[in-house]
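Below is one structure, written out as structure tokens, with a few remarks after it.
In this text, all values refer to a predicted model and were calculated from it rather than measured experimentally.
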Amino acid sequence: MAQVLETEPGIYHCLRVTCGVAVHITCVSFTVFVAALARPGSSLFSWHPFLMTLAFSFLMTEAVLLFSPHSSPLQKAPHKSKARCHWVLQCACAACAGLGLAAIVCNKHLNGKPHFTSWHGVAGLLTACGLGAQCLGGLPLLYPRLLKGRSLARLKRYHAASGLLAYLLGTASLLLGMSSLWFAAAVPGPAWYLAAACPVLGALLVMSQVTGAYVARKALRP
């Protein structure tokens with residue numbers, strides 16, 4: 001029994017690293033898959049699924065995983081460097097989401113269709129707004145002098161919690177978009193469920209990372 005307990009931490013570490021690597025590969029593969037499916041540039045609409053997937057599946061996931069203790073691409077970099085890279089990726093994510101939102105708004109306007117009438121549209125709009133707020137809210141964490149005496153630790157918890165909410169909204173927006181007639185017709189049958197598993201896997205890992213870093217740590221305090 002003692003030998004098993006001694007080997008468990010190593011086993012858990014390997015599992016976490018494996019899951020992290022799997023999410024890195026999955027988010028890249030899913031983004032490339034949607035790009036091949038949408039063929040960005042072939043039409044105005046084609047930019048919407050490509051940019052939104054690039055934002056929510058790739059950039060946003062990689063921005064969060066920078067702080068992962070097991071699968072960060074910048075594992076040995078100081079926290080300050082990770083924070084700056086995180087902010088840059090989040091700004092790129094917000095820019096892509098904004099352009100993707102503009103593409104679908106223009107496309108619907110040209111075709112005389114109403115805007116934001118579906119759950120997918122509403123979720124996408126809320127996520128894009130949340131991303132912009134997250135980028136602005138991250139500035140005091142990059143430059144603590146902007147806090148003016150406020151608690152840095154408390155702001156980090158708020159930023160992590162709101163960031164997790166934005167990420168889950170982004171994941172929900174992707175899944176709702178995959179339920180659209182365009183995606184369902186292009187990816188029928190079991191392939192649809194395999195594709196849907198990609199953003200879900202990323203969401204599970206991100207939830208585990210954020211709750212493990214803040215919720216569990218707070219619970220252990222006396």
Stepwise side chain to side chain contact (heavy atoms under 4.5 Å, CB included) test for Met52 and Ile104: CA-CA 10 Å; Met52 288 304 196; Ile104 194 62; 5.8 Å; no
Check the pair Leu65 / Leu205 against side chain to side chain contact (heavy atoms under 4.5 Å, CB included), numbers first and verdict last. CA-CA 9 Å; Leu65 292 184; Leu205 185 63; 3.8 Å; yes
Begin with the C-alpha distance, continue with both residues' side-chain angles, and end with the deciding distance and a verdict on side chain to side chain donor-acceptor pair (under 3.5 Å) for Ser71 and Ser68. CA-CA 6 Å; Ser71 55; Ser68 171; 3.1 Å; yes
Could you go step by step and tell me if Ser179 and Trp119 meet the side chain to side chain contact (heavy atoms under 4.5 Å, CB included) rule? CA-CA 11 Å; Ser179 301; Trp119 286 108; over 6 Å; no
What's the verdict on side chain to side chain contact (heavy atoms under 4.5 Å, CB included) for Phe58 and Val28, showing C-alpha distance, side-chain angles and the deciding distance? CA-CA 6 Å; Phe58 178 67; Val28 172; 3.6 Å; yes
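In this structure, the side chain of Asn111 engages the main chain of Asn107 through a donor-acceptor pair within 3.5 Å. Under the 3.5 Å distance criterion, the side-chain polar atoms of Gln134 are left unmatched by any main-chain donor or acceptor of Gln90. With hydrogens and angles ignored, the 3.5 Å screen pairs a side-chain donor or acceptor of Thr53 with a backbone N or O of Pro49. Ser180 contributes no side-chain N or O that, together with a main-chain N or O of Leu176, makes up a donor-acceptor pair within less than 3.5 Å. Between the Trp87 side chain and the Cys135 main chain, a donor and an acceptor come within less than 3.5 Å of each other. A donor-acceptor contact shorter than 3.5 Å is absent between the side chain of Ser57 and the backbone of Leu54. With hydrogens and angles ignored, the 3.5 Å screen pairs no side-chain donor or acceptor of Ser208 with any backbone N or O of Leu204. Side-chain atoms of Ser46 come within 3.5 Å of backbone atoms of Gly41 as a donor-acceptor pair (strictly under, hydrogens ignored). Remark: side-chain polar atoms of His70 are not paired, donor with acceptor, to backbone N or O of Arg16 under 3.5 angstrom. Panel note: side chain His120, backbone Gly177; a donor-acceptor pair is recorded below 3.5 Å.
Of the N and O atoms on the side chains of Thr127 and Tyr167, not one donor lies less than 3.5 Å from an acceptor on the other residue.
What you find for Cys85 and Leu74 is that their closest heavy atoms are SG-CD1, 3.8 Å. In plain terms, the two heavy atoms of Val105 and His115 that are nearest each other are O-CE1, 3.1 Å. Closest non-hydrogen pair, Pro199 versus Ala196, comes out as CD-O, 3.3 Å.
More than 12 non-hydrogen atoms from other residues, nucleotides or ligands lie less than 6.0 angstrom from CH2 of Trp182. Atom CG of Leu181 has 12 or fewer neighbouring heavy atoms from other residues, nucleotides or ligands inside a 6.0 Å radius.
Using a 4.5 Å heavy-atom cutoff, the side chains of Leu175 and Val200 are in contact. You'll find the side chain of Pro140 stays beyond 4.5 Å of the side chain of His159, heavy atoms only. In this structure, the side chains of Val206 and Met60 stay at 4.5 Å or more apart for every pair of heavy atoms. Contact annotation: the side chain of Ser72 approaches that of Lys82 to within less than 4.5 Å [non-hydrogen atoms, C-beta and beyond]. In this structure the side chain of Tyr193 never reaches within 4.5 angstrom of the side chain of Val187, judged on heavy atoms. Using a 4.5 Å heavy-atom threshold, the side chains of Lys80 and Leu142 count as separate.
Phe183 and Phe33 have perpendicular rings, their planes meeting at more than 60° on a 0 to 90° scale where under 30° would count as parallel.
None of Cys27, Cys93, Cys91 except one satisfies the side chain to side chain contact (heavy atoms under 4.5 Å, CB included) rule with Leu59; the exception is Cys93.
Partners of Phe116 by ring pair (Phe, Tyr, Trp, His ring centres under 6.0 Å), not counting sequence neighbours: none found.
Cluster membership for Leu131 and Leu169, using ILVMFWY side-chain heavy atoms within less than 4.5 angstrom, is not shared.
Atom CG of Leu101 and atom CG of Leu51 lie 11.0 Å apart (nearest 0.5 Å).
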